[in-house]
Structure formats: structure tokens, C-alpha cells
Q: 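To start, I am sharing the structure in question, which I have written as C-alpha cells.
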Amino acid sequence: MADDKSTHDAGHEREPSYLVAQKGLKSWLFTVDHKRLGLMYLATTLLFFFVGGMAAIFFRTELLTPGPGEISGVLTALGMDPTTSATTYNKLFTVHGAVMVFLVIIPSVPGALGNFLLPLMLGAKDVAFPRLNLLSFWVYSLGALFFIYTLFAGGLDTGWTFYTPYSSNFSGTAVISATFGAFILGFSSILTGLNFMVTIHKMRAPGMTWNRMPLFCWSIYATAVIQVLATPVLAITLLLLIMERTLNIGIFDPAMGGDPVLFQHFFWFYSHPAVYIMILPGFGIISELIAVHSRKHIFGYKAIALSSVAIAIISFVVWGHHMFVSGQSELAGIVFSFLTFAVAVPTAIKVFSWVATLYKGSIQFNTPMLYGLMFLFTFTIGGLTGVFLGTLSVDVHLHDTYFVVAHFHYVMMGGTIIAFVGGLHHWWAKMTGRNYDEKQARWASLFIFVGFNMTFFNQFVLGQQGMPRRYYTYVPQFQQQHVLSTVGAYILLAGFLWIAFYLLASLRKSAAPKEPLPDNTWGGASLEWSTQTPPIEHNFHGQPRVDSDPYNFPQIDRTGGMDHH
Amino acid sequence: MSHDHDSPKAHRPAGAGEPHAFMAHHFNTPGQQAGAAKFGMWVFLATEILMFSGLFLAYFIVRMHYPDMVLAAHEHLNKTAGGINTVVLITSSLTMALAVRAAQVGDQPAIKRNLLLTIGFAFTFMVVKYFEYTAKIEHGMLPGKFYHAWDHGYYIEGSPHIFFAVYFCMTGLHGFHVLIGIGVLTWIYLRAGKGHFGPSYYTPVENVGLYWHLVDLIWIFLFPLLYLVR
């Protein structure tokens with residue numbers, strides 16, 4: 001390993017970066033460059049993150065008081081049609097859930113950071129199938145258009161889970177366009193997963209053995225395996241649901257002799273593994289952040305890498321824990337419960353390894369690391385409460401309450417989104433060639449931490465006390481806790497808007513650094529730090545060769561005088 | 001780490017493959033490109049199997065719930081037509097394999113001849129399927145709420161509309177794959193006409209072949225499950 005200045009520049013002048021190598025709108029819309037596609041995914045997923053987030057802000061506002069009313073007031077104030085609060089509330093939480101799951105969390109880390117980083121980390125010029133990569137992005141955009149159409153065609157009120165027979169026979173909302181949108185988005189997800197799998201198998205630089213891959217690549221690999229194996233089942237499920245709704249084929253309709261629980265089995269056979277599609281890439285980011293910013297070799301490299309694969313495998317045999325009260329057989333419930341506990345083992349291996357990496361490390365409290373530490377705190381709460389819900393008898397009490405809502409927000413938001421935001425800061429300079437304002441970033445992260453915990457922590461208590469999820473009204477004794485949640489959501493919104501503000505501000509022309517930024521922002525040892533910042537169009541000047549592992553920091557510390565933040 | 005500086009390759013590593021005109025810039029060797037394409041195809045086939053597996057599961061659930069109905073309803077499928085189609089598809093897999101072999105040894109006329117035969121068998125399959133579907137529609141043996149076979153003098157006990165829903169979903173999705181197959185077979189037939197394929201480059205023929213064998217294989221399972229219940 002060499003120090004931060006010399007790697008790419010040995011005999012090379014600076015070249016135009018991928019951002020300016022080609023010009024014009026067409027050079028972006030039809031690019032096959034994985035880095036540009038990564039930025040396009042980043043922009044679209046963040047846009048939909050805003051849409052989904054605002055839906056949540058609206059329904060949290062409705063929950064300020066026990067009775068109906070708040071949303072109608074907000075809608076009237078915005079000049080929109082205030083239909084009854086209950087229907088609007090159902091549509092808002094459905095939009096929030098469906099947009100966040102299908103348009104934000106699933107594509108966010110693989111689509112944006114995965115696309116940008118994977119070939120760079122592997123020392124490749126591009127992903128294995130660059131044109132397929134472009135197709136994935138456009139298929140994603142097409143699916144997103146169906147979702148947007150759904151919003152304007154009267155919305156959707158089934159919840160993101162589309163349970164039959166409500167979705168197939170009773171809901172009066174735009175179920176077909178929404179499910180068809182999710183069907184299309186599934187293809188984008190499959191194509192991305194396939195592309196990444198082949199890229200990792202076939203495009204690694206000479207010398208990069210499986211055990212010299214950065215852990216982010218391992219987590220993307222495990223994610224890709226699930227995307228490829230689980231998503232096709234969602235595709236056929238949604239197709240059958242559309243057939244059921246349009247042709248009344250009778251497979252899911254009890255009135256015609258069909259089996260509505262079959263839909264739940266189909267749906268969760270995809271959607272439980274999909275939970276790991278959402279969290280595994282976050283794990284990968286955290287492995288990078290914790291190791292780089294504590295300047296210490298990652299603890300338990302192989303254990304972390306293989307636990308990702310273990311999670312991917314176990315993810316396929318636990319779907320029944322979503323259906324403990326659906327009337328499935330008791331034996332199935334017991335088996336699924338025990339299999340669910342098994343997930344805790346590889347997950348705990350990861351958390352302990354991260355903590356062990358921090359131990360006696362030289363911890364830098366910069367923004368990416370703050371998010372890394374925040375993740376350890378919030379994700380661990382989310383993971384442990386998952387064990388409560390996997391316990392058969394406890395789940396009967398907690399099923400469909402705010403406890404479940406709090407649990408999966410601690411995992412999805414306290415896990416994936418926090419990791420995503422941390423990763424965004426970690427690689428922001430590499431992606432854009434700009435520095436964000438570190439002081440503002442640290443303050444904003446405090447807003448996120450306080451806002452997030454204020455919103456969701458007391459929802460565990462609410463749920464345990466019996467507050468059911470997806471209700472627009474509640475008994476007056478819960479009001480205090482609901483107000484706390486809503487105020488937390490507002491703080492969270494302020495935090496995210498602040499992040500958007502300083503990140504966008506760093507992109508202004510006047511904010512351009514006088515000297516190009518150093519190649520290696522943080523003294524990282526993986527290949528993405530060895531190329532120019534931002535990278536050149538074909539990533540590297542020659543074919544990189546790898547002779548050591550990506551967490552070899554002490555060597556860097558001795559030779560390189562890099563800039564410690 | 002060190003970097004190679006685009007030096008002309010002094011010697012080629014093992015498994016690198018012979019150079020050809022269809023190298024993409026981001027691969028280092030033709031062998032890497034061919035390996036990536038073939039691995040990608042196998043992963044794609046895995047996704048296809050999982051997509052169909054949902055329908056197979058639905059089939060087994062329906063058969064488990066209504067064994068007598070499935071037995072009674074399946075008698076109305078045309079076993080002869082299904083049998084002919086099975087022979088047609090298996091033979092088409094042979095001609096497909098022969099086309100791949102011809103591409104590997106660079107026998108240009110044999111590539112085109114065998115691809116054309118495969119396309120011909122695929123069309124034959126669709127024509128037989130067309131007559132089968134027409135008969136089912138005429139007899140009112142349709143999925144779900146469209147089922148009205150009693151109007152045509154057919155009485156099947158139970159809820160046969162679910163059997164025909166499964167039948168049309170499974171054979172419909174399979175038929176759709178045959179149509180896609182005709183499309184990609186035609187594409188490589190046209191490329192074969194331009195002499196694109198030979199011993200150094202035959203990955204597209206091989207990949208289309210893999211796809212076509214899978215379409216054949218799925219039918220091999222559909223035929224006994226739907227037509228040969230007894």
C-alpha cells in the first residue's frame with residue numbers, strides 16, 4: 001500500500017473527472033458510467049425520500065389530537081380537497097410505506113452508493129453489464145412513474161403490504177397501478193442484483209481475492225443474492241394479485257374457493273428477505289465507516305463477511321413470523337419462531353465485531369463516524385426488539401401495534417437510513433469533489449439523533465400499552481406520547497432539511513475548492529481512495545493490482561501524512 | 001498496490017480466450033467477457049425458476065385443497081396436443097444444442113440451419129397451443145368469473161374455475177417465454193447470417209441456448225402436472 005498522494009498520480013497528470021468528461025443532458029440520461037448512474041439514483045431516491053417523509057409529517061400531524069380533523073385542516077390550507085380524515089390517513093401511511101420501501105430504501109444504498117463504489121472498490125472499469133445498468137435505472141424510473149400516477153389517480157389505501165382480499169376485492173383505490181409499479185420496480189432490483197453478482201465474481205482486480213474485498217462489497221453481494229432469488233416471487237405474486245383484481249381468477253378470493261393466506265405466504269416469502277435487502281448494504285457501510293474512522297483493522301473480517309451471507313440464507317426461512325396470528329398452523333409458528341431467533345446470531349456477530357473494532361482504536365468524531373456510532377445505538381435497539389417480536393407468545397400481544405412500528409423504524413431508519421446518510425458524508429468528497437461544512441453537519445446529526453429517538457422510542461411503550469398501528473384516532477390517554485412522537489418527527493424533518501441545505505450548498509460554483517481535494521479523504525486503504533477525486537471516467541489509469549487487505553491502516557499511518565479531521 | 005500502465009500484453013493468461021471483434025472496453029480479456037455473460041445468464045435462469053415456482057406452489061395448493069376437482073377438470077385438457085407439444089419442444093432443444101455446437105466449431109451453414117429449425121419448432125408449439133386455447137375458450141373453460149362451461153354442456157364438480165385459472169396462468173406465462181424465445185432466436189439467426197459467430201466468439205448462441213433449454217424444461221414439468229394428473 002502506498003500513501004495518499006502517490007497512488008494514481010505516479011506519472012499521471014490530473015485528468016477531467018467523470019463529472020465533466022462528457023457534457024450535455026444526453027450524456028447523463030444515456031450514460032453507461034456506473035458513477036453517473038449512481039448519482040442519478042442518489043438524486044431520485046433522495047427526492048422520493050422527501051415525498052415519503054412529507055407523507056409521514058402529514059399523518060403525524062393528524063395524530064396530534066385523538067379525534068379526526070388535523071389532516072383536513074392541513075389539506076384545506078394547502079388548497080387540496082379535504083376528504084374525510086380516515087381515508088386520507090389510510091392513503092398517507094400507505095404512500096409513506098410503499099414509497100419508502102420500494103422507491104427509497106431498497107434502491108438507495110445499492111443503487112446510489114453501490115453503483116458508485118462497487119467497481120471502484122473492486123478495481124474494475126465498470127460493472128459487468130453497463131448497458132443493463134442503464135436499463136435498470138430506466139426501469140426504476142418507469143416503476144416510479146406508476147407510483148406517481150397512483151398518487152394522482154386517487155391514491156392507495158391497502159398499506160404497502162397489499163393484503164388480499166381487501167386489495168383484490170374491496171379497496172376502491174388505484175391498486176392496479178401501484179402493484180404494477182412495484183412489479184416493474186422488482187425487475188429493476190433483479191437486474192441490479194444480477195449485475196452486481198456477476199461484477200463481484202468476474203471483475204475483481206488481479207490479486208483481489210474474496211478475502212481482500214472491502215466488506216461493503218461482501219454486503220452488496222449478499223444483498224444481490226437475495227434480490228435475485230426473492231424478487232421474482234414478488235413479481236409472480238403481484239401478477240396474480242392483478243389477475244385476481246381484474247379477472248377474479250379466484251386463487252386468493254375465499255368467496256370463490258381461493259386461499260387469502262396463500263397471498264400472505266407469497267408476499268412475505270419476498271418481503272421478509274427484502275428486509276435484509278434493505279439492511280445488509282447498511283451493514284456494509286458501517287463496516288467501512290467504523291474501521292476507517294477508528295484507524296484500526298476491522299475486527300473479525302471473515303466473521304463479518306460470512307455473517308452477511310448467513311443472514312442472506314436464513315432470510316429465506318423466517319417469513320412465517322409475519323403471520324403468527326394469520327391462522328397458519330401452530331407447528332409452523334413454532335418452527336418459524338425458532339428460525340427467527342437464528343437471525344440474531346450473525347447479526348450479533350457483526351455488532352460485536354464493530355464494537356471490538358472501536359476498542360482501543362483512534363476514534364475520529366467526524367460526521368461519518370457520528371452516524372456510525374448512532375447506527376450502533378439505534379440498530380441494536382431495533383435488532384433486540386425484533387427478538388421480542390420473533391417470540392411466539394409475545395408477538396400475539398404486540399402484533400399490529402406501535403411496538404412493531406417502532407421496531408422496524410429502528411431497523412430501517414435507525415439502521416439503513418442512518419448508515420446511508422453516514423456513507424453519503426463519508427464518500428461525498430469522492431463523489432462530488434466538494435467538502436461539506438463539517439460543523440453544520442455535526443450539529444445536524446444531533447438533530448437527527450434526538451428527533452429520531454423522540455419520535456420512535458416511546459412508540460415501543462405505546463404499542464405495549466395497546467395502541468394499534470394504522471389507526472387515525474386513539475383513546476385520549478395516549479395523546480401525550482403521540483404529541484411527543486409528532487414533535488420528534490418535526491425535529492427529524494428539520495435535521496434532514498439542514499443536511500440537504502449544506503450538502504446542496506457545497507455544490508454551488510462559489511463553494512468549489514481552490515485546490516482539487518486530495519484523493520484519499522480519510523486515509524482509507526480500499527481502492528476507491530487510490531484514484532483521483534472525483535474519479536476519472538474509466539476509474540483508474542491502469543489495471544490496479546492488490547497485494548494486501550483493505551483495512552491495513554497502520555501502514556498508512558506510518559508513511560502518509562494525511563489530514564486528520 | 002501497483003498499476004499496469006496499459007502495456008501491450010506480452011503473454012496472455014490462461015483462460016483468457018482468443019481475441020474477437022465484439023470485445024467490450026471494460027473487460028480485460030475475451031475469456032472474462034464470456035465468463036461474465038454466461039454466469040449472468042445462469043443467474044437470470046435462477047430468477048426465472050423462482051418466478052415459475054410461485055405458480056407451481058399455487059398449483060400444489062389448489063390440488064391439495066381440491067384433489068377431485070383437479071382430477072375431473074384435467075380430463076378436459078387435450079393430452080394428444082400436450083404430448084405433441086412435448087415432443088416438439090424436446091426436439092427443438094436438440095436442434096438448439098446442435099446450433100451451439102455448430103457455432104463452437106464455426107460451421108456457418110449448420111448454425112443457420114439448426115437455428116431456423118428451432119424457430120420452426122417454436123412456432124409449431126405456439127400453433128398447437130393456439131388450437132388448444134381456442135377449444136378451451138369455445139367450451140367456456142376460462143379462469144375465475146369468466147368460467148361458464150355449463151353453458152356448453154360440461155359439468156365439473158367443485159370449483160374448476162380455479163383449475164383453469166392456474167392452467168391459463170402457467171401455460172400463458174410459459175407461452176410468453178416461448179414468444180420471447182422466438183424473438184431472441186431470430187436475433188441470433190440474423191447475426192449468424194452476418195457471420196458473427198465462430199470458435200472465438202459464440203457466447204450469444206450459447207446463452208440463447210441456455211434460455212431455450214429452460215423454456216423446454218419448464219414445459220417438461222407443466223405437461224405431467226396439468227395434463228397427466230391420473
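Naming: A, B, ... by sequence-line order, numbering from 1 per chain.
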Q: Run the ring-centre check on Phe129(A) versus His34(A) and record whether the distance is less than 6.0 Å.
A: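 That pair fails the under 6.0 Å test.
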Q: Tell me whether Lys129(B) at atom NZ has more than 12 heavy atoms from other residues, nucleotides or ligands lying less than 6.0 Å away.
A: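 It does: Lys129(B) NZ has more than 12 such atoms within range.
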Q: Apply the side chain to side chain contact (heavy atoms under 4.5 Å, CB included) test between Leu122(A) and each candidate in Lys202(A), Glu528(A), Arg204(A); give the one that qualifies.
A: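 It is Arg204(A), the one option of Lys202(A), Glu528(A), Arg204(A) that forms the side chain to side chain contact (heavy atoms under 4.5 Å, CB included) with Leu122(A).
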Q: Looking at chain B, which one of Gly193(A), Gly207(A), Pro130(A), Ala124(A) has the largest number of heavy-atom pairs inside 4.5 Å, strictly under?
A: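 Sorted descending by pairs with chain B, the first entry is Pro130(A).
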Q: If you count heavy-atom pairs within less than 4.5 Å of chain B, which of Gly250(A), Gly257(A), Gly258(A) leads?
A: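 Between Gly250(A), Gly257(A), Gly258(A), the count favours Gly257(A).
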Q: Side chain, backbone, both or neither: which part of Leu240(A) has a heavy atom under 4.5 Å from chain B?
A: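 Answer is side chain: those atoms of Leu240(A) sit under 4.5 Å from chain B.
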Q: Given heavy-atom pairs under 4.5 angstrom as the criterion, report whether the side chain, backbone, both or neither of His538(A) touches chain B.
A: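 Answer is side chain: those atoms of His538(A) sit under 4.5 Å from chain B.
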Q: For Ile190(A), which atoms come within 4.5 Å of any heavy atom of chain B: side chain, backbone, both, or neither?
A: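 Contact with chain B is through the side chain of Ile190(A) alone.
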Q: Indicate every side-chain donor-acceptor pair of residues 220-229 of chain A with a distance under 3.5 Å to a residue at least two apart or in another chain.
A:
| residue | atom | partner | partner atom | Å |
| --- | --- | --- | --- | --- |
| Tyr221(A) | OH | His201(A) | NE2 | 2.7 |
| Thr223(A) | OG1 | Ser219(A) | O | 2.6 |
| Gln227(A) | NE2 | Ser189(A) | OG | 3.0 |

Q: Just give me the residue among Thr237(A), Val127(A), Asp253(A) that pairs up with chain B most often, heavy atom to heavy atom, under 4.5 Å.
A: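 When all of Thr237(A), Val127(A), Asp253(A) are compared, Val127(A) has the most.
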Q: Relative to chain B, which segment of Met203(A) carries a heavy atom at a distance below 4.5 Å: side chain, backbone, both, or neither?
A: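 The answer is both parts of Met203(A).
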Q: For chain B, find which of Leu247(A), Asp126(A), Val233(A) contributes the most heavy-atom pairs closer than 4.5 angstrom.
A: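 Between Leu247(A), Asp126(A), Val233(A), the count favours Leu247(A).
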Q: Please determine, among Ala230(A), Pro119(A), Ala235(A), Ala128(A), the option with the most heavy-atom pairs under 4.5 Å with chain B.
A: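 Of Ala230(A), Pro119(A), Ala235(A), Ala128(A), Ala128(A) has the most heavy-atom pairs under 4.5 Å with chain B.
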